[in-house]
**Student:** 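Have a look at this one.
Everything numeric in this text was worked out from a predicted model, so none of it was measured.
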Amino acid sequence: MVEFSPPQLDTVFHALGDATRRRMLRHLAEGERTVGDLAKPFAMSLAAASKHIKALEAAGLIHREVRGRTHLCRLAPGPLASAHRWLGFYERFWTERLDGLERLLREEDARRTPEGDKR
């Protein structure tokens, strides 16, 4: 089995497990955002947005920079790449299984179809 720093992956998948945080990451993929910008689409308080941002920071998915009274957030893609590599193992697993199933179904279909019968 493939292991990539399990404690970090746990916090990454925990952070990604929330739809609000996933949408915040999507917005950050377009560029830097303030905490207010990240909170705006959700009609949530800055305190609630800050809790989501802290979860994303704990997972290493974003970096927050304080400029005066403004908190700017930007995407940190490294942990996403690690999660992608971890999931890649299972993608290969399922691809191999599905390829095997396809072969079996084609063989079964070929046995049922007479030689002269072209579909």
Side-chain angles (χ1 to χ4, degrees):
M1 185 163 130
V2 176
E3 291 290 334
F4 294 98
S5 179
Q8 183 189 17
L9 277 178
D10 290 347
T11 52
V12 168
F13 285 120
H14 170 75
L16 294 174
D18 182 86
T20 299
R21 292 192 285 267
R22 289 191 305 271
R23 284 188 55 203
M24 285 180 167
L25 285 177
R26 184 173 298 270
H27 291 293
L28 289 170
E30 298 167 359
E32 268 185 355
R33 299 283 191 269
T34 66
V35 172
D37 291 338
L38 291 173
K40 193 179 297 184
F42 305 102
M44 67 173 57
S45 68
L46 292 179
S50 185
K51 287 182 182 181
H52 285 292
I53 291 166
K54 285 179 184 175
L56 293 169
E57 280 182 300
L61 294 167
I62 66 169
H63 293 291
R64 184 183 346 198
E65 180 183 339
V66 180
R67 294 183 193 160
R69 294 182 56 199
T70 304
H71 290 233
L72 286 170
C73 301
R74 70 179 185 282
L75 184 65
L80 286 174
S82 295
H84 184 262
R85 282 192 308 275
W86 186 86
L87 289 168
F89 171 81
Y90 296 97
E91 180 181 11
R92 286 187 303 276
F93 169 82
W94 283 111
T95 299
E96 289 171 9
R97 297 311 184 276
L98 291 171
D99 287 347
L101 177 60
E102 182 180 21
R103 277 190 303 279
L104 288 172
L105 292 172
R106 287 183 188 277
E107 289 169 8
E108 184 178 311
D109 197 33
R111 283 192 304 269
R112 289 184 179 175
T113 305
E115 285 296 320
D117 184 13
K118 301 290 182 191
R119 291 184 185 191

**Student:** Enumerate the ring pair (Phe, Tyr, Trp, His ring centres under 6.0 Å) contacts for residues 13-40, please, sequence neighbours excluded, ordered by first and then second residue.
**Tutor:**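 Every pair satisfying ring pair (Phe, Tyr, Trp, His ring centres under 6.0 Å) with a residue in residues 13-40: F13-W86.
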**Student:** Could you tell me the separation between the CG atom of L25 and the CG atom of L75, rounded to the nearest 0.5 Å?
**Tutor:**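 Answer rounded to 0.5 Å: 6.0 Å.
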**Student:** Taking salt bridge (charged side-chain N to carboxylate O under 4.0 Å, His left out) as the test, write out the residues that go with E96, two or more places apart.
**Tutor:**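 In terms of salt bridge (charged side-chain N to carboxylate O under 4.0 Å, His left out), with neighbours along the sequence ignored, E96 is linked to no residue.
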**Student:** Name all residues meeting the side-chain contact (heavy atoms from CB on, under 4.5 Å) criterion together with E91; count only those two or more places apart in sequence or in a different chain, and write none if there are none.
**Tutor:**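 Expected list: T95.
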**Student:** Using the test side-chain contact (heavy atoms from CB on, under 4.5 Å), find all partners of R106 that sit at least two apart in sequence or belong to another chain.
**Tutor:**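 For R106 the side-chain contact (heavy atoms from CB on, under 4.5 Å) partners, ignoring immediate neighbours, are E102.
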**Student:** Going by side-chain contact (heavy atoms from CB on, under 4.5 Å), name the residues that satisfy it together with R74, two or more places apart in sequence or in a different chain.
**Tutor:**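 Partners of R74 under the side-chain contact (heavy atoms from CB on, under 4.5 Å) test: E32, H63, E65.
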**Student:** Using salt bridge (charged side-chain N to carboxylate O under 4.0 Å, His left out) as the criterion, list what pairs up with R23, not counting sequence neighbours.
**Tutor:**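 With neighbours one apart ignored, the set is empty.
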**Student:** Residues in ring pair (Phe, Tyr, Trp, His ring centres under 6.0 Å) with F42, at least two apart?
**Tutor:**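 None.
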**Student:** Do you know the tightest heavy-atom contact between G68 and V66?
**Tutor:**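 The answer is O-CG1, 3.3 Å.
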**Student:** Residues in salt bridge (charged side-chain N to carboxylate O under 4.0 Å, His left out) with R21, at least two apart?
**Tutor:**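 Testing R21 for salt bridge (charged side-chain N to carboxylate O under 4.0 Å, His left out), a comparison that skips the adjacent residues, returns none.
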**Student:** Can you see which heavy atom on P79 is nearest to which on V12, and at what distance?
**Tutor:**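 Smallest interatomic distance, heavy atoms only, reads CB-CG2, 3.7 Å.
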**Student:** At what distance, to the nearest 0.5 angstrom, does CG of L80 lie from CG of L87?
**Tutor:**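 Separation between the atoms: 10.5 Å.
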**Student:** Taking side-chain contact (heavy atoms from CB on, under 4.5 Å) as the definition, give me every residue that meets it alongside R69, ordered by chain and number, with sequence neighbours left out.
**Tutor:**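 So R69 forms no side-chain contact (heavy atoms from CB on, under 4.5 Å) with any residue.
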**Student:** Under the side-chain contact (heavy atoms from CB on, under 4.5 Å) rule, what do V35 and T70 come out as? Steps first, then yes or no, please.
**Tutor:** CA-CA 8 Å; V35 172; T70 304; over 6 Å; no
**Student:** Applying salt bridge (charged side-chain N to carboxylate O under 4.0 Å, His left out), name anything that partners E30, two or more places apart in sequence or on another chain.
**Tutor:**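 By the salt bridge (charged side-chain N to carboxylate O under 4.0 Å, His left out) rule, E30 matches R33.
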**Student:** Can you list every pair that meets side-chain hydrogen bond (donor to acceptor under 3.5 Å, both in side chains) and has a residue in residues 35-45, with sequence neighbours left out?
**Tutor:**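 Those involving residues 35-45 are T34-D37.
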**Student:** What are the two closest non-hydrogen atoms of L72 and R67, and how far apart are they?
**Tutor:**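 Closest approach of L72 to R67, heavy atoms only: CD1-NH1, 2.8 Å.
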**Student:** Quick one: salt bridge (Lys or Arg N to Asp or Glu O under 4.0 Å) pairs with a partner in residues 42-59, sequence neighbours left out?
**Tutor:**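 Every pair satisfying salt bridge (Lys or Arg N to Asp or Glu O under 4.0 Å) with a residue in residues 42-59: E57-R64.
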**Student:** What's the shortest heavy-atom distance between C73 and L28, and which atoms?
**Tutor:**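 For C73 versus L28, the nearest heavy atoms are O-CD2, 3.3 Å.
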**Student:** Which of these passes side chain to side chain contact (heavy atoms under 4.5 Å, CB included) with L38: M24, M44, H71?
**Tutor:**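 In the set M24, M44, H71, the residue that makes a side chain to side chain contact (heavy atoms under 4.5 Å, CB included) with L38 is M24.
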**Student:** Which pair of non-hydrogen atoms, one from A58 and one from T11, has the smallest distance, and what is that distance?
**Tutor:**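 The answer is O-OG1, 4.1 Å.
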**Student:** Show the nearest heavy-atom pair for residues A83 and L9, with the distance to one decimal.
**Tutor:**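 Result for this residue pair: CA-CD2, 3.7 Å.
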**Student:** Side chains of L105 and D109: closer than 4.5 Å at any heavy-atom pair?
**Tutor:**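 The answer is no; the side chains never approach within 4.5 Å.
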